[in-house]
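This report refers to the structure that appears directly beneath it.
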Amino acid sequence: MRDPNPPRGDDLGATEREILAHRAKKAEALRALGVNPYGNGHRPEHLSKDLRDRYGDAPADEIAKDPGAWSIAGRVLAVRPFGKAAFLKIRDAAGELQVWIKKDRVSERDFEIYKLLDIGDIVAAQGAATRTKTGELTLEATAFTILTKSMRPLPEKWHGLSDVEQRYRQRYLDLIATPGVRDTFVKRARTVSTIRRFLDGRGYLEVETPTLHKPEEAGGAAARPFETHHNALDLSLKLRIATELHLKRLVVGGFDRVYEIGRIWRNEGIDRRHNPEFTTIEFYEAYATAEDLMKLTEALFHALALEVAGAPVVTFQGQPIDFTPPYPRVSLVEVGARALGLSVEDALAGRGLAEALARAAARENESEDAWKLEQAAKRSPGEAIAAAFEVFGEPQLPKDRPAFVVDFPLETSPLSRRRDADPRLVDRFELFAGGMECANAFSELNDPADQRARFEAQVKARASGDEEAMPYDEDFVRALEHGMPPTAGEGIGIDRVTMILTDSASIRDVILFPLLKTRD
RNA sequence: GGGCGCAUAGCUCAACUGGCAGAGCAAUGGACUCUUAAUCCAUAGGUUGAAGGUUCGAUUCCUUCUGCGCUCACCA
């Protein structure tokens, strides 16, 4: 444990303290030159990209004919000084550009300012374009100033930041120093905007529903919620675990096509695929069926691959995945039952199921899966078959393409409409890609009596220890009693889709500030 | 929550079987007007994550704690 009342600036090492002090002196020296080290009001007229667009690969003599008058600003990433000249590597919003400062081209004062420069400072330069004899497009400065003085050093220039923890805690440094990080988050933004454009173009309305839920509202998924409290109302609240139930209320209210892109919270474990807060898109379309949404999903993911990754085939962790429709379909009950050596009929009826699960568990003997199968034997037939699919079916899903898992048992889907042809199943699908569940969709249950029964089953499950079972949402049933048109809905995990589109191994690499433990 | 692993200068990493804690980059001072990890000379920088223990001696071995990573379970 450290000093509980550390001095401001916390536990700096001597080197760091010296750097801060030295740079503070430079800031004062800038003020003495009439430069506010934290000034504002300087607006660059160009981006580094403007010079590249203008000159491209043009040779030096051609650039010399029309060198232009350019004005850029950005962060200094590297300085290569030569006494009376220097090359600066500057990064702005559009890329990087070299700036060349020469004592005989800038004013004496500007050269004094340059001498107070540190790597990490935000600077502005004006001047003409040129190409150096090593061939690099360069802005040859005629005016130079420091806009913001950086007081702390950037990470080491060769290796950057390799301490994963520091990358997440100080993401601003990660963005500056680690190649590709910036691009990942640009692609994340493009993923969201592509989805938004896709749905807007199909007549969907974007809405926002509460993230603070009363205890009875915090359903829509199987998960444990975070708990919080409103002081003025003295009200216990939970953070939402899904947007589903409010969005369907809106379908009842006449918004036939709605979606919400938003943060949800689930109070569960953290690993490569899970962060306590993450972003989903849920959308609901009246008069559509799960079958319709499969078509829509194929079109959407194909569009995402093209728009975000730039090609229909995306390589994720060394595995190319072809997002060109159509995607193969795999039956959960068939594969699950077959894995247990049973017919679908016997499995759904529970005939021989316990014995088959025991046999399968024994086959798996020491592995973790055995335990999962043994637990499944205590649940309903549908849940047991789903468990068998998880253990035996999921690893066999196609890896070079996304795949739809279809034919879900009723018991695993408390908000899904029963299938007319077989009421033990629901018209539901999950989209798997890259070994992850990326989307989950179904024809929505709009029979209020059936919904009531499903909620009752959930309450019973909760009473017998299932902490992830949903609460009974009376108002939601009331809404259904007013009549919800036949509807299909879908949820997509934005973070996981972004992982695939950016080839990121961990969900933390696509969340700017993932949750970490507090440091003392 | 379980298992495995990691923590040394601001950053990236060394330090043999327990024997004076080092290097590169960054920094500081100096030289240098075409560099791309610029180069050259010099200097400074450490509670080896924390607390205990074993030992003549601990970065190294042991215990506990903290944080992080991987993995398993739960989950999307």
Side-chain angles (χ1 to χ4, degrees), chain A residues 1-3 11-23 25-26 60 77-89 96 98-106 111 118-120 130-136 138 140 151-170 173 177-178 220-224 241-242 264-280 282 367-372 375 390 430-432 436-440 466-468 491-497 499 505-508 514 516-520:
Chain A
M1 292 297 149
R2 299 209 180 97
D3 178 2
D11 56 338
L12 302 179
T15 310
E16 199 172 1
R17 212 178 353 252
E18 279 168 20
I19 291 171
L20 284 165
H22 192 75
R23 293 198 177 187
K25 276 189 194 139
K26 285 184 177 175
L77 298 183
V79 181
R80 288 181 281 274
F82 288 85
K84 297 189 182 64
F87 293 98
L88 316 183
K89 187 161 113 184
E96 292 170 7
Q98 178 164 274
V99 169
W100 193 5
I101 296 183
K102 299 202 276 185
K103 199 170 193 300
D104 57 10
R105 289 296 303 274
V106 299
F111 201 74
D118 286 296
I119 292 172
T130 185
R131 193 175 293 283
T132 61
K133 76 181 183 193
T134 51
E136 180 156 348
T138 297
E140 196 175 352
M151 305 305 283
R152 289 178 183 272
L154 288 177
E156 204 255 7
K157 69 179 173 185
W158 301 352
H159 307 88
L161 268 187
S162 67
D163 178 347
V164 178
E165 177 184 356
Q166 197 183 350
R167 288 187 46 213
Y168 298 147
R169 286 191 195 277
Q170 294 182 270
L173 288 182
T178 311
R224 296 166 64 181
I241 58 170
I264 64 177
W265 293 265
R266 295 189 184 175
N267 205 339
E268 281 158 1
I270 298 176
D271 64 25
R272 203 173 64 232
R273 298 182 197 81
H274 299 85
N275 194 63
E277 52 180 321
F278 61 106
T279 302
T280 60
E282 283 191 34
S367 91
E368 307 281 349
D369 289 334
W371 186 85
K372 196 190 266 185
Q375 292 305 110
E390 266 180 52
E430 288 184 351
L431 182 76
F432 277 78
M436 295 185 289
E437 182 195 332
C438 291
N440 177 25
D466 182 356
E467 292 187 75
E468 293 175 353
I492 298 173
I494 299 279
D495 310 84
R496 289 185 174 180
V497 172
M499 284 171 69
S506 169
I507 195 167
R508 290 180 161 187
L516 300 175
K517 283 194 195 173
T518 311
R519 268 177 160 172
D520 64 350

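In this text the structure is predicted, and so the values were computed from the model without any measurement. Throughout, a chain's letter reflects where its sequence line sits, starting with A, and its residues are numbered from 1.
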B:rG2 and B:rC65, which share atom name P, separated by this distance in whole Å
10 Å
With a non-hydrogen cut-off below 4.0 angstrom, is A:Arg224 in contact with a base, only sugar-phosphate, or nothing?
nothing
Base of B:rU33, side chain of A:Asp104 - is there a donor-acceptor contact under 3.5 Å?
yes
Taking atom P in both B:rC40 and B:rA21, what distance in whole Å separates the two?
29 Å
OP1 or OP2 of B:rC68 less than 4.0 angstrom from a side-chain nitrogen or oxygen of A:Arg169, does that happen here?
yes
Using a heavy-atom cut-off of under 4.0 Å over every strand shown, decide if A:Lys26 touches base, sugar-phosphate, or nothing.
sugar-phosphate
hbond_proxy A:Glu156 side chain to B:rG24 base (donor-acceptor, 3.5 Å cutoff):
yes
Under the side-chain hydrogen bond (donor to acceptor under 3.5 Å, both in side chains) rule, collect the residues that match up with A:Asn267, sequence neighbours excluded.
none
What are the atom names and distances for every N/O pair under 3.5 Å that joins the protein to nucleotides 3-6 of chain B?
none

Whole-angstrom distance between B:rA76 and B:rU17, as gauged at atom P
49 Å
Reckon A:Asp466 touches a base, only the sugar-phosphate, or nothing at all at heavy-atom distances under 4.0 Å?
nothing
Can you list everything that forms a side-chain hydrogen bond (donor to acceptor under 3.5 Å, both in side chains) with A:Lys84? Sequence neighbours excluded, please.
none
Mind checking if A:Asp271 touches a base, just sugar-phosphate, or nothing, with heavy atoms under 4.0 Å?
base
Under 4.0 Å: is that the gap between some side-chain N or O of A:Lys157 and OP1 or OP2 of B:rA38?
yes
